[in-house]
Student: 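Structure incoming, see below.
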Amino acid sequence: AQLRAKFGTYYDKIPMVWFWGKIWLRTKSRRSPLDQEKLGYFNGSFQVIVDALVDACEAAGVRLVRSGLSRISQGEGSTWVAHDESDSTSTHVDAMLATVPSHIFQKLAPALPPGYVAKLDALVYEAAVVAILELDRPLSDVYWLNIADDDLPFTAVIEHTNFVSAEKYQGKHFVYLSKYMEPDHPWFTMRSDDVIAAYLPHLTKINPAFESSWIQNWWVFRERAAQPITPMQYSERMPEHRTPLKNLYLANTTQIYPEDRGTNYSVRLGNDIARMIIGALGEESGEAP
Ligand SMILES: Cc1cc2nc3c(=O)[nH]c(=O)nc-3n(C[C@H](O)[C@H](O)[C@H](O)COP(=O)(O)OP(=O)(O)OC[C@H]3O[C@@H](n4cnc5c(N)ncnc54)[C@H](O)[C@@H]3O)c2cc1C
C-alpha cells in the first residue's frame, strides 16, 4: 500500500533497495531498536535556511538573478549564457549547473546528444498535490498517518502541530494532506476549491467530530516533478552530472540514488557538484583546484 501511495501505477517497478533505504534511514536515528526515531525540524521551516543562504551569498558578493530562464545557450569558447524569461537579459558564465527537473532541462538546453537524452528520458516523475489546512483545534493526536485505504483521496495526513507545538503558531493547528499521482491524473489539474471540497468528507474518517467550520484557512500546492520513479538497474542508466556538452552540468533529484530524494541529499549533491566544477575549471586554467 505504501509503494502504491508514493509511486502510483509504478508501484511494482520500484527496486527494494528504495524500501530498504527508507527503513534504514528511520532505524538508524534510534539508539536502540526499541527507541523512538528522532526527527528534526527547523523552527520557521526550510525558508529560514534559504533566507540565510541568500543573505550569505549576497554578503559574499554573489549576484542573484531572481528570474526564471527561458533557455541556455553556448557562449564563446566553452562558456555558457543564461537567458531570462523574456529573453531580454542574458548572464554569461564559465560553467552552467542546471538544478531543474530533467524535462525542463531538456527544454532549456540546446541539442543534447541522443545518448544523454535517452538517459534523461529513462526516468519519469510522479506529480503531487498537497493541501494544507489551518484549523482552530487539533484534527487528531497523531503526527504522521499513512493511509493505505484506496477510498480516501489522500495518502498521508501529517499534523505538523502534533510534532511542533501549536503554541509556536499562535495556537493555530496545521494539517498536511498529500497525494502522489501521475501528472495526467484529473486531480492534478482540478481546481483547488474542488480538491478541498473532495477531501473534507473524508476527514471525519480521521476524526468523526470534524466539522468544516474548524478550517480557518487552506492552501493547495502542486508539483509536477515531485517523485522520481527509479526503475531497476537505474544506477547504470542514471544521467551523469557532467553532460556531454563542456562545462554544462546537471544536478537534480533523478541523480539521487539509491536513497529516496530528500533535502539532505540535495545539499550533499550541491557540495559534490561544486567541488566537481571547481576542479574542472581549475584544470582548464591550469590552476590547482
Ligand atoms: C510533496 C513533497 C514532499 C516532500 N517531503 C520531503 C521531506 O519531508 N523531507 C525532505 O527532505 N524532502 C522532501 N521532499 C523532497 C525535497 O523537496 C527535494 O528533494 C528538494 O526540494 C530537491 O531540491 P532541488 O533543489 O534539487 O529541486 P527543487 O527544490 O525542486 O528546485 C528546483 C527549482 O527549479 C526551479 N525552476 C523550474 N524551472 C525553472 C526555470 N525555467 N528557470 C529557473 N528556475 C526554474 C523551480 O521553481 C524550483 O525552485 C518532498 C518533495 C515533495 C514534492
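Positions are given from 1 along the sequence. Here the structure is a predicted model, which is why all the values come from computation and not from measurement.
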Student: Just grab all the ring pair (Phe, Tyr, Trp, His ring centres under 6.0 Å) pairs involving residues 240-276, residues at least two apart or on different chains.
Tutor: Tyr234-Tyr257
Student: Just verifying a value: how many Å separate Leu123 CG and His103 NE2, rounded to the nearest 0.5 Å?
Tutor: 11.5 Å
Student: Once you round to the nearest 0.5 Å, how far does CD1 of Ile206 lie from CG of Leu152?
Tutor: 6.0 Å
Student: Taking only residues at least two apart or on different chains, which pairs with a member in residues 186-206 satisfy salt bridge (Lys or Arg N to Asp or Glu O under 4.0 Å)?
Tutor: Arg191-Asp193, Arg191-Asp194
Student: In chain order, what residues pass the salt bridge (Lys or Arg N to Asp or Glu O under 4.0 Å) check against Asp84, with sequence neighbours excluded?
Tutor: none
Student: Sequence neighbours excluded, which residues qualify as salt bridge (Lys or Arg N to Asp or Glu O under 4.0 Å) partners of Glu259?
Tutor: Arg268
Student: Counting only N and O atoms by type, is there a donor-acceptor contact under 3.5 Å from the side chain of Arg261 to the main-chain atoms of Ala226?
Tutor: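 Yes, the answer is positive, given that a donor and an acceptor are paired below the 3.5 Å cut-off.
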Student: Examine distances only and state if a side-chain atom of Arg4 and a backbone atom of Tyr11 form a donor-acceptor pair shorter than 3.5 Å.
Tutor: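 Judged by distance alone, no pair lies under 3.5 Å.
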Student: Is any side-chain heavy atom of His202 closer than 4.5 Å to one of Leu177?
Tutor: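 The answer is no; the side chains never approach within 4.5 Å.
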Student: Would you mind listing the cluster partners of Phe105? Hydrophobic ones only (ILVMFWY), side-chain contacts under 4.5 Å, chaining allowed.
Tutor: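 Leu69, Ile72, Trp80, Val93, Met96, Val100, Ile104, Leu108, Leu112, Tyr116, Val117, Leu120, Leu245, Leu248, Leu250, listed by chain and number.
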Student: Listed by chain and number, what are the salt bridge (Lys or Arg N to Asp or Glu O under 4.0 Å) partners of Arg224, not counting sequence neighbours?
Tutor: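 Salt bridge (Lys or Arg N to Asp or Glu O under 4.0 Å) check on Arg224 returns nothing, list empty.
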Student: Counting only heavy atoms not in Phe19, do more than 12 fall under 6.0 Å of its CZ?
Tutor: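 No - once you tally the heavy atoms of other residues, nucleotides and ligands closer than 6.0 Å, there are 12 at most.
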Student: Is a side-chain donor or acceptor of Asp136 paired with a backbone partner of Gln216 at a separation under 3.5 angstrom?
Tutor: no
Student: Just verifying a value: how many Å separate Ile196 CD1 and Ile215 CD1, rounded to the nearest 0.5 Å?
Tutor: 6.5 Å
Student: Check whether any side-chain heavy atom of Lys246 lies under 4.5 Å from a side-chain heavy atom of Gln74, and answer yes or no.
Tutor: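 The answer is no, as the side chains (C-beta and beyond) never meet within the 4.5 Å cut-off.
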Student: Please identify each residue that fulfils ring-ring contact (aromatic ring centres under 6.0 Å, His included) with Tyr176, with sequence neighbours left out.
Tutor: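 Here no residue qualifies.
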Student: Compare all side-chain heavy atoms of Ile277 with those of Asp94 and state whether any distance is below 4.5 angstrom.
Tutor: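 The answer is no; the side chains never approach within 4.5 Å.
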Student: Please list all pairs passing the side chain to side chain donor-acceptor pair (under 3.5 Å) test where one or both residues lie in residues 117-134, with sequence neighbours left out.
Tutor: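 Listed by first then second residue: Gln106-Asp121, Lys119-Glu240, Glu134-Asn217.
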Student: For the CD1 atom of Ile132 and the CZ atom of Phe174, what is their distance to the nearest 0.5 Å?
Tutor: 8.5 Å
Student: Sequence neighbours excluded, which residues qualify as salt bridge (Lys or Arg N to Asp or Glu O under 4.0 Å) partners of Lys22?
Tutor: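 Residues passing salt bridge (Lys or Arg N to Asp or Glu O under 4.0 Å) with Lys22: Asp260.
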Student: Testing the basics here: between Glu159 and Ser140, what is the closest heavy-atom pair and its distance to 0.1 Å?
Tutor: OE1-N, 2.9 Å
Student: Look only at the side chain of Thr253 and the backbone of Gln227, and say whether a donor-acceptor pair between them is shorter than 3.5 Å.
Tutor: no
Student: Find the distance between CH2 (Trp214) and CG (Leu133) and round it off to the nearest 0.5 Å.
Tutor: 12.0 Å
Student: Examine Phe154 and Phe7 and state if one hydrophobic cluster contains both, with Ile, Leu, Val, Met, Phe, Trp and Tyr joined whenever side-chain heavy atoms are less than 4.5 Å apart.
Tutor: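 No; Phe7 is not reachable from Phe154 via cluster members.
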Student: If Ile, Leu, Val, Met, Phe, Trp and Tyr residues are connected whenever their side-chain heavy atoms lie under 4.5 Å apart, and connections chain through other members, are Leu139 and Trp144 in the same group?
Tutor: no
Student: Minimum heavy-atom separation for Asn247 and Ser78, please, with both atom names.
Tutor: ND2-O, 3.0 Å
Student: Verify the cluster assignment for Leu203 and Ile147: are they in a single hydrophobic cluster under the rule of side-chain heavy atoms below 4.5 Å apart?
Tutor: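 Yes; Ile147 is reachable from Leu203 via cluster members.
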Student: Does a sphere of radius 6.0 Å around CH2 in Trp219 hold more than 12 heavy atoms from other residues, nucleotides or ligands, not counting ones at 6.0 Å or beyond?
Tutor: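 Atom CH2 in Trp219 is crowded, with more than 12 foreign heavy atoms closer than 6.0 Å.
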Student: Who clusters with Met232? Use side-chain heavy atoms, under 4.5 angstrom, across I, L, V, M, F, W and Y, and order the result by chain and number.
Tutor: none
Student: Looking at Pro244 and Pro113, what are the two nearest heavy atoms and their distance?
Tutor: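 Scanning both residues, the minimum pair turns out to be CB-CG, 3.6 Å.
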Student: Could you check if a side-chain atom of Leu39 sits within less than 4.5 angstrom of a side-chain atom of Tyr143, using non-hydrogen atoms only?
Tutor: yes
Student: Would you please test Asp51 and Val54 for side chain to side chain contact (heavy atoms under 4.5 Å, CB included) and show each step?
Tutor: CA-CA 5 Å; Asp51 291 344; Val54 167; 5.6 Å; no
Student: Report the relative orientation of the aromatic rings in Phe46 and Phe42; use parallel for angles under 30°, tilted for 30 to 60°, perpendicular for over 60°.
Tutor: tilted
Student: Can you pull the side chain to side chain donor-acceptor pair (under 3.5 Å) pairs that have at least one residue in residues 165-174, sequence neighbours excluded?
Tutor: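 Of all non-adjacent pairs touching residues 165-174, those that pass side chain to side chain donor-acceptor pair (under 3.5 Å) are His160-Tyr169.
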Student: Quick one: closest heavy-atom pair of Trp187 and Ala198, and the distance?
Tutor: CH2-CB, 3.4 Å
Student: Sub-3.5 Å donor-acceptor pair from the side chain of Asn252 to the main-chain atoms of Ala98, do we have one?
Tutor: no
Student: With the side chain counted from C-beta on, respond yes when Thr89 and Val65 share a heavy-atom pair under 4.5 Å apart, and no when they do not.
Tutor: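 Thr89 does not reach Val65 side chain to side chain.
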Student: Passes side chain to side chain contact (heavy atoms under 4.5 Å, CB included), Asp184 versus Phe188? Steps please.
Tutor: CA-CA 7 Å; Asp184 59 358; Phe188 192 61; over 6 Å; no
Student: List, by chain and number, the other hydrophobic cluster members for Val81, where Ile, Leu, Val, Met, Phe, Trp and Tyr join if side-chain heavy atoms come within less than 4.5 Å, directly or indirectly.
Tutor: none
Student: Applying the 4.5 Å side-chain criterion to the ILVMFWY set and letting contacts propagate, would Leu53 and Leu269 be lumped into a single cluster?
Tutor: no
Student: Within the 4.5 Å heavy-atom criterion, are Leu3 and Lys13 side-chain neighbours or not?
Tutor: no
Student: Cluster question for you: counting only ILVMFWY and a side-chain heavy-atom cut-off of under 4.5 Å, with indirect links fine, are Ile158 and Val130 together?
Tutor: yes
Student: Under 3.5 Å, is there a donor-acceptor pair between the side chain of Asn162 and the main chain of Val142?
Tutor: yes
Student: Heavy atoms only: give me the nearest Trp218-Ser192 pair and the separation to one decimal.
Tutor: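 For Trp218 and Ser192, the tightest heavy-atom pair comes out as CZ3-CB, 3.8 Å.
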Student: Find out whether Pro138 and Thr161 are in side-chain contact, i.e. whether some heavy atom of one side chain is under 4.5 Å from a heavy atom of the other.
Tutor: no
Student: If I compare all heavy atoms of Pro153 with all of Lys179, which pair ends up nearest, and what's the gap?
Tutor: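 Looks like O-CD, 2.8 Å.
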Student: Taking the side chain as C-beta and beyond, is there a heavy-atom pair between Val129 and Met181 under 4.5 Å?
Tutor: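 When only atoms from C-beta onward are counted, Met181 and Val129 do touch, with a gap below 4.5 Å.
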Student: Quick one: which of Ser88, Ser70, Ser73, Ser90 gives a side chain to side chain donor-acceptor pair (under 3.5 Å) with His83?
Tutor: Ser73
Student: Could you measure the distance from the CD1 atom of Ile273 to the CZ atom of Arg242? Nearest 0.5 Å is fine.
Tutor: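 One gets 9.5 Å once the value is rounded to the nearest 0.5 Å.
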